[in-house]
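Proteins come first, then strands; the chains are lettered A, B, ... in the order of their sequence lines, and each starts at number 1.
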Amino acid sequence: MNEEQSRSLQDAIAEQLSQAHGFTAAEAQELAARFAPRLKKRFASWVRRELYLERRRLARARAAEQTAAAEDEGEQFERLSLNVRLQHGLMAISVIVLIVTGIPLKFHESLWAKEVISLLGGPDVTPIIHRVAATLLAFVGVWHLLYIAFTKEGRENFRLLLPRLQDAKDAIQQIKFYLGLTDQRPKFDRFSYVEKFDYWAVYWGMVIMIGSGTILWFTEWFLQFVPKWVTDIAKEAHSDEALLATLAIVIWHFYNVHFNPHSFPMNKTFITGKISARKMREEHPLEYERIMKERAQRGGEA
Amino acid sequence: MRIWAQGLGVGLLAAGMVWAQEAPGPEVRQCSICHGKREFKKVQPDGSVRPLFVDERELKASVHARWHCLDCHADIKTIPHPERLEKVNCQRCHFPGNPVGAPEEVNYEGYVESVHGRLQRAGNPKAPRCQDCHGAHGVRKASDPNSLVYKRQIPATCGKCHPQVLEVYQRSVHGTTLLVRGNNDAPSCSDCHGEHQILPRKEQASEVSATQIPETCGHCHGSLEFNQKYDIPVNPVKTFKHSFHGIANELGSMRVANCASCHTAHAVLPPSDPESSVHPANIPKTCGKEGCHPGANVNYARGRFHIDPSRRDAGVVYWVALFFKYLTVSTLAALILHILLDLRSKLQKRAQGHE
């Protein structure tokens, strides 16, 4: 507001005061001189707030439009069956509990670790919680082995998860694409090399953690048969692999699934099991093509 | 004899009291008429003999050389004095701001709260008072090798009441190093238990309670230099704190093993000594203690103890730790690089998409 506008605002207030409220001209001028700056400030902040709200309204409307458009983009495919989602859910719960009750032991010297342990019931209670969660994890492991051995869906998924030379080629292609050396992104089937890595990393983690954890749980039984240094190795491996697994989950898995710009803040597939046709075409083009081809064939047969 | 002493006492009482105020000689001589005789003793009702001889030279060599009998034995008003006298109260002089210049930094509060002080307040006649440890007439500075509370004299002083502990301690590496080899690096009783504030080990505040023991042993064994000086290759306190026993101990578990659980409290010996509780042959018995790992066998002794995974002498554990260190660093470096590349690519694409 320039000088002139400011002047006229003050005059307007003065006029209003003298006419509607019966102040003398001098009084009105004096009061108006006091009111005008404050009014100006209020007005400016009100304008800013309205502008901000308006922009947010627009952005929301645009986002809603986009999601609607995206959801319109074709049907929802089943990516994770209920069986797989239950396996994943139980594993996630047990791993989180294991991390919360286990990692403080690795950082036992820091204050937060002591706080966490005492919050969870103290050093005589957290081992019990840890072992309950460990049992659950081992149970999920057995469940998964039975799933890939005895269900058709499991066998099919497992076949598609086996590492192949194509995965290495895909990885190189992907890096080239990232570096701008090619415009061609690798075309993935049902499981990309990133997803296969996650899957097989869990095997490694399960073998190390359940193996060493069992030795640590039943130390006295194992020591009937093995020398103490075996339990020392188990302790070291359990502690070190725990950190590696935690960091891999929190950094790598969470980024690739949830926190990357395509899915942020959360990819709901692990709950709904569904994936949109658009995402299918984008992330699993080979699988999408295969499904479409199969449908066309079935359509032809029928 | 008795009549003679009484008569003399009555006759000299007033004079004695006056002299006591003025010059030392006559008063001391008054007391030494009886107590200066080496054969002066009393047969107790239970038949035991209590010597009542006081060696004047002992007093003269003590820190209290300039004080006289009645300065401490203040309840003597007549000679002969009553059979039962009050115990000497050191607080008569040793209090903050005392006018006679007696050392003031006396830890009475610590003593009163200590197990000794508690027994004393409860009326236990065997509970030690100041003079029982510091000496009655021969009080000397703790730095004086002839003092009862000089480092190398303390075991004998405490052993007056705790003879079994003294016997075990004398055979330990701490006992032989201190008492036989005369090396003051080794601890005497008070280095672990505290001086005045000695608390029962069941109490958490005690220097030797389960949770305090690592700190207490760590006063000496807490630095690698000290340990290497005595052929202990690792820092046993640090490595203990990183073990399962140590972590549980730190977090407040009372069931878990602390230093003394394996090394014993007083019979500490190096693992090379066949008498030691941590000698490989004795490990099964030590680990197999009731409440620990009953049924422990020789496998418990196969492997290193007090492992520091970052040090080469940790053996196979060192290599396992090293493997995981490189595995973790390289894996995470690769994964984070992949994430950053992916993030850049996706953000670029989004920026283009919005244009």
For A:Tyr178 and B:Leu343, indicate whether the former's side chain and the latter's backbone hold a donor-acceptor pair under 3.5 Å.
no
Start with the C-alpha gap between A:Trp229 and B:Arg304, add the side-chain angles, then the distance that decides, and say whether side chain to side chain contact (heavy atoms under 4.5 Å, CB included) holds.
CA-CA 7 Å; A:Trp229 56 262; B:Arg304 288 160 211 256; over 6 Å; no
With rounding to the nearest 0.5 Å, note down the distance linking NE2 in A:His108 to CG in B:Asn249.
11.5 Å
I'd like to know whether A:Leu247 forms a side chain to side chain contact (heavy atoms under 4.5 Å, CB included) with B:Thr331, so could you lay out the CA-CA distance, the side-chain angles of the two residues, the decisive distance to 0.1 Å, and finally the verdict.
CA-CA 10 Å; A:Leu247 292 174; B:Thr331 307; over 6 Å; no
Does atom NZ of A:Lys187 have more than 12 heavy-atom neighbours, drawn from other residues, nucleotides or ligands, at distances under 6.0 Å?
no
Answer yes or no: does atom CD of A:Gln166 have more than 12 heavy-atom neighbours from other residues, nucleotides or ligands under 6.0 Å?
yes
Where does B:Leu337 contact chain A at under 4.5 Å (heavy atoms): side chain, backbone, both or neither?
neither
Does NZ or CZ of A:Lys228 come closer than 6.0 Å to the centre of the six-membered ring of B:Phe305, within 45° of the ring's axis?
yes
If you take all heavy atoms of A:Glu220 and B:Cys292, which pair is closest and at what distance?
OE2-O, 3.3 Å
Within a strict 4.5 Å, meaning less than it, do heavy atoms of the B:Asn299 and A:Val226 side chains meet?
no
Note: vs chain B, highest number of non-hydrogen pairs under 4.5 angstrom among A:Thr231, A:Ile117, A:Leu179 is A:Ile117
Using non-hydrogen atoms and a 4.5 Å limit, figure out which bit of B:Ile307 sits close to chain A: side chain, backbone, both or neither.
side chain
Would you mind checking if A:Glu109 and B:Lys241 are paired as a salt bridge, meaning a charged N to carboxylate O distance below 4.0 Å?
no
What heavy-atom pair brings B:Ala321 and A:Asp240 nearest, and what distance separates the two atoms?
CA-OD2, 3.6 Å
B:Leu332 side chain reached by A:Trp252 side chain, heavy atoms, under 4.5 Å
no
Are the aromatic rings of A:Tyr255 and B:His338 close, with centres under 6.0 Å apart?
no
Under 4.5 Å to a heavy atom of chain B? For A:Trp221 that would be neither
Chain B heavy atoms under 4.5 Å from A:Phe259: which part of the residue, side chain, backbone, both or neither?
neither
Which bit of A:Leu243 is near chain B, if near means a heavy-atom gap under 4.5 Å: side chain, backbone, both or neither?
neither
Residue A:Phe225 excluded, over 12 heavy atoms near CZ under 6.0 Å:
yes
Go through B:Leu347, B:Asp342, B:Val298 and name the one with the most non-hydrogen pairs under 4.5 angstrom from chain A.
B:Asp342
Decide side chain to side chain contact (heavy atoms under 4.5 Å, CB included) for A:Glu236 and B:Tyr318; before the verdict, give the C-alpha distance in whole Å, the side-chain angles of both, and the deciding distance to 0.1 Å.
CA-CA 9 Å; A:Glu236 188 60 34; B:Tyr318 166 78; over 6 Å; no
What closest approach, in Å, do A:Pro123 and B:Ser253 show between heavy atoms, and which atom pair accounts for it?
CG-N, 3.8 Å
With rounding to the nearest 0.5 Å, note down the distance linking OG in A:Ser239 to NE2 in B:His242.
9.5 Å
Side chain, backbone, both or neither: which part of B:Ile339 has a non-hydrogen atom closer than 4.5 Å to chain A?
both
With side chain to side chain contact (heavy atoms under 4.5 Å, CB included) as the criterion, how do B:Phe324 and A:Glu241 come out once you've worked through the C-alpha distance, each side chain's angles and the decisive distance to 0.1 Å?
CA-CA 7 Å; B:Phe324 274 103; A:Glu241 173 60 27; 3.5 Å; yes
Heavy-atom distances under 4.5 Å only: say whether B:Arg344 touches chain A with side chain, backbone, both or neither.
side chain
Top of A:Thr219, A:Asp232, A:Val230 for chain B proximity - count of heavy-atom pairs under 4.5 angstrom
A:Asp232
B:Lys151 atom NZ, neighbour heavy-atom count above 12 within 6.0 Å:
yes
In short, B:Ser243 meets A:Lys235 closest at the heavy-atom pair CA-NZ, 3.9 Å
Counting only heavy atoms from other residues, nucleotides and ligands, does the tally under 6.0 Å from CZ of B:Arg118 exceed 12?
yes
Side chain, backbone, both or neither: which part of A:Asp124 has a heavy atom under 4.5 Å from chain B?
side chain
Should we count CD of A:Gln184 as having more than 12 external heavy atoms under 6.0 Å?
no
Residue selection (most heavy-atom pairs with chain A, distance under 4.5 Å) from B:Leu335, B:Ile336, B:Leu327, B:Val320:
B:Leu335
